[in-house]
Amino acid sequence: MPKIALITGVTGQDGAYLAELLLSKGYEVHGLVRRSSTSDVNTTRLKWLGIENDVHLVDGNLLDLSGLIRTIRDVKPDEVYNLAAQSFVKSSWQQPILTGEVTGLGVVHILEALRLERPQTRFYQASSSEMYGLIQEPQQSEMTPFYPRSPYAVAKLYGHWIAVNYRESYGMHASSGILFNHESPLRGIEFVTRKVTDGVARIKLSLAKELRLGNIDAKRDWGHSKDYVRAMWLMLQQDTPDDYVVATGRTTTVREMCAIAFAHAGLKIDDHLVIDPELFRPAEVDVLLGDPAKAREKLGWQAEIPLEDMIREMVDADLERYRAQGARA
Ligand code: NDP
Ligand code: GDP
């Protein structure tokens, strides 16, 4: 019998790569999809990976508890990966309540559905390095205290602790992955890496002249989504549930990341980059740097794709997208 997995957020970046990984391991993969008037658009990432016909899509929303209970009853998953969220930090100041409801309370909805219907199911919660916010240690590990700096991070903190609490209260196999930023050609266009690689492609193809960014001195520990979904799966294969930092252990400024993208396209960064004060945030996370020692020791996991290779892959994918639409340099 193949193992059965349910992924919430299957239409997002990580959901798509995780579905691909689980299919390659012989899983039967189900994905929760919220209804929209453009259902052809929200499966774009699954189509890009060529797996849209291999994933069983279930209508549902993290805010709808009765629907989640029915889904768990019908699908009978062995593993649930809770990746659904309002995941963009900047939007969380515009939509703090929605972010709290989906990214925070949404987690207890799915945990309750599991507790009531299938408590033996293994559960993964997508926690975030944004929870470290105003960092309390230069390199953040599972032991570093949290200090969230956005409504998104505050909501993620609730999600993180409620997963820990259900593990401790009910003995559920709930693990929380504290993942540092991870990117890919499937990253949402609003996040800085993809905004940069898309912008560079547009400039290269004469579709734009400039790229406007906010705080380019911010530093992030960036990895590749393909590497990071492997860590999620490994967590649920352990006998004992636990929490793990997933990171590369290297931090880079937005400016340096940009320079890689511009250089790859043969462009000069100073000719095109414009700093726009409108794009600064009300509160910033200046620097993140993860310590992945525990994941390395206990899961045998480590990041394999370096930042330079990932950014070049993303620029090439964005150039290809525009060329497929008829753009010429
Ligand atoms: P995306 O923004 O690409 O995907 C988010 C997913 O959540 C989408 O499938 C979206 O559906 C779905 N979703 C949003 N609201 C609801 C809802 N109310 N009910 C059901 N589904 C909903 O995020 P990523 O793939 O990049 O990230 C996956 C998870 O990991 C998220 O929880 C994110 O916060 C977390 N994370 C991500 C990091 C990163 O660097 N990528 C770092 C640390 C944590 P739709 O397609 O309809 O919008
Ligand atoms: P985050 O770490 O989850 O907020 O991921 P983002 O990719 O959205 O942002 C990473 C960093 O890039 C943050 O410190 C942002 O302030 C900074 N940044 C600078 N300019 C921009 C921009 O134009 N868009 C985004 N999304 N981030 C920017």
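Whatever order the structure lists ligands and atoms in, that order sets their numbers, starting from 1. Bear in mind that the values here come from a model prediction, so they are computed numbers and not experimental data.
Electrostatic pairing of E183 and K226 does not count as a salt bridge here, judged by no charged N lying under 4.0 Å from a carboxylate O. Under the 4.0 Å criterion applied to side-chain N and carboxylate O atoms, E79 and K3 are assigned as salt-bridge partners. At a threshold of 4.0 Å, the pair E20-R230 does not count as salt-bridged, since none of the basic side-chain nitrogens sits closer than that to a carboxylate oxygen. The residues E117 and R70 are annotated as not salt-bridged, no charged nitrogen and carboxylate oxygen being separated by less than 4.0 angstrom. Between D286 and K219, no side-chain nitrogen of the basic residue sits less than 4.0 Å from a carboxylate oxygen of the acidic one, so the salt-bridge criterion is not met. Salt-bridge annotation for D243 and R167: present, with a side-chain N of the basic residue lying under 4.0 Å from a carboxylate O of the acidic one. With respect to the salt-bridge test (charged N to carboxylate O, under 4.0 angstrom), the residues K294 and D242 qualify.
For the ligand labelled ligand 2, residue I216 lies outside the 4.0 Å heavy-atom shell. R220 counts as a contact of ligand 2, since one of its heavy atoms falls under 4.0 Å from the ligand. Using 4.0 Å as the threshold, Y152 has no heavy atom nearer than that to any atom of ligand 2.
The closest protein non-hydrogen atom to atom 20 (N) of ligand 2 is G214 N, 2.8 Å. Looking from atom 22 (C) of ligand 2 to the surrounding protein, the closest heavy atom is K195 NZ, 3.8 Å. Atom 5 (O) of ligand 2 has as its closest protein heavy atom N181 ND2, 3.4 Å. The protein non-hydrogen atom at the shortest distance from atom 8 (O) of ligand 2 is R281 NH2, 2.9 Å. Counting only heavy atoms of the protein, atom 1 (P) of ligand 2 lies nearest to E130 OE2, 3.5 Å. When hydrogens are left out, the protein atom nearest atom 16 (O) of ligand 2 is E284 OE2, 2.6 Å; that is the closest non-hydrogen contact. The protein heavy-atom contact nearest to atom 17 (C) of ligand 2 is N215 O, 3.8 Å.
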Which pairs of N or O atoms, one from ligand 1 and one from the protein, are separated by less than 3.5 Å, and what is the distance for each pair?
from, atom 1, to, atom 2, distance (Å)
ligand 1, 2 (O), S87, OG, 2.6
ligand 1, 3 (O), Q13, N, 3.0
ligand 1, 7 (O), A85, N, 3.2
ligand 1, 9 (O), G9, O, 3.4
ligand 1, 9 (O), T11, OG1, 2.6
ligand 1, 9 (O), G12, N, 3.0
ligand 1, 11 (O), T11, OG1, 3.3
ligand 1, 18 (N), N61, OD1, 2.8
ligand 1, 19 (N), N61, OD1, 3.2
ligand 1, 19 (N), L62, N, 3.0
ligand 1, 25 (O), Q13, N, 3.2
ligand 1, 25 (O), D14, N, 2.8
ligand 1, 26 (O), R187, NH1, 3.4
ligand 1, 32 (O), L83, O, 2.8
ligand 1, 32 (O), K156, NZ, 2.8
ligand 1, 34 (O), Y152, OH, 2.7
ligand 1, 34 (O), K156, NZ, 3.3
ligand 1, 40 (O), H182, N, 2.9
ligand 1, 40 (O), H182, O, 3.4
ligand 1, 40 (O), R187, NH2, 3.1
ligand 1, 41 (N), H182, O, 3.4
ligand 1, 41 (N), H182, NE2, 3.4
ligand 1, 41 (N), R187, NH1, 3.0
ligand 1, 46 (O), T11, OG1, 2.6
ligand 1, 47 (O), R34, NE, 2.9
ligand 1, 48 (O), R34, NH2, 2.8

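At a 4.0 Å heavy-atom cut-off, ligand 2 touches E190 through the backbone alone. Proximity of F280 to ligand 2, defined as any heavy-atom pair under 4.0 Å, is not found for any part of the residue.
Residue contact check: V89 has heavy atoms under 4.0 Å from atoms 3 (O), 4 (O) of ligand 2. Residue A218 approaches ligand 2 through these ligand atoms, each under 4.0 Å from one of its heavy atoms: 14 (O). Within ligand 2, the atoms closer than 4.0 Å to a non-hydrogen atom of V254 are 12 (O), numbered from 1 in the order shown. Set against the non-hydrogen atoms of F88, the atoms of ligand 2 under 4.0 Å away are 8 (O), 26 (N).
Here's the thing with V192: one of its N/O atoms is less than 3.5 angstrom from an N/O atom of ligand 2.
Residue S175 holds its OG atom at 9.0 Å from OH of Y124, rounded to the nearest 0.5 Å. Taking OH from Y170 and CG from N165, the interatomic distance works out to 7.5 Å, rounded to the nearest 0.5 Å.
More than 12 heavy-atom neighbours from other residues, nucleotides or ligands sit within 6.0 angstrom of NZ on K47. Heavy-atom contacts from other residues, nucleotides or ligands closer than 6.0 Å to CD1 of I97 number 12 or fewer.
One hydrophobic cluster, built from ILVMFWY side chains closer than 4.5 Å, cannot hold both V154 and V102; they sit in different ones.
The shortest side-chain heavy-atom distance between L207 and Y322 falls under the 4.5 Å cut-off.
The side-chain contact (heavy atoms from CB on, under 4.5 Å) test with P77 singles out one residue from R122, R118, H30, and that residue is R118.
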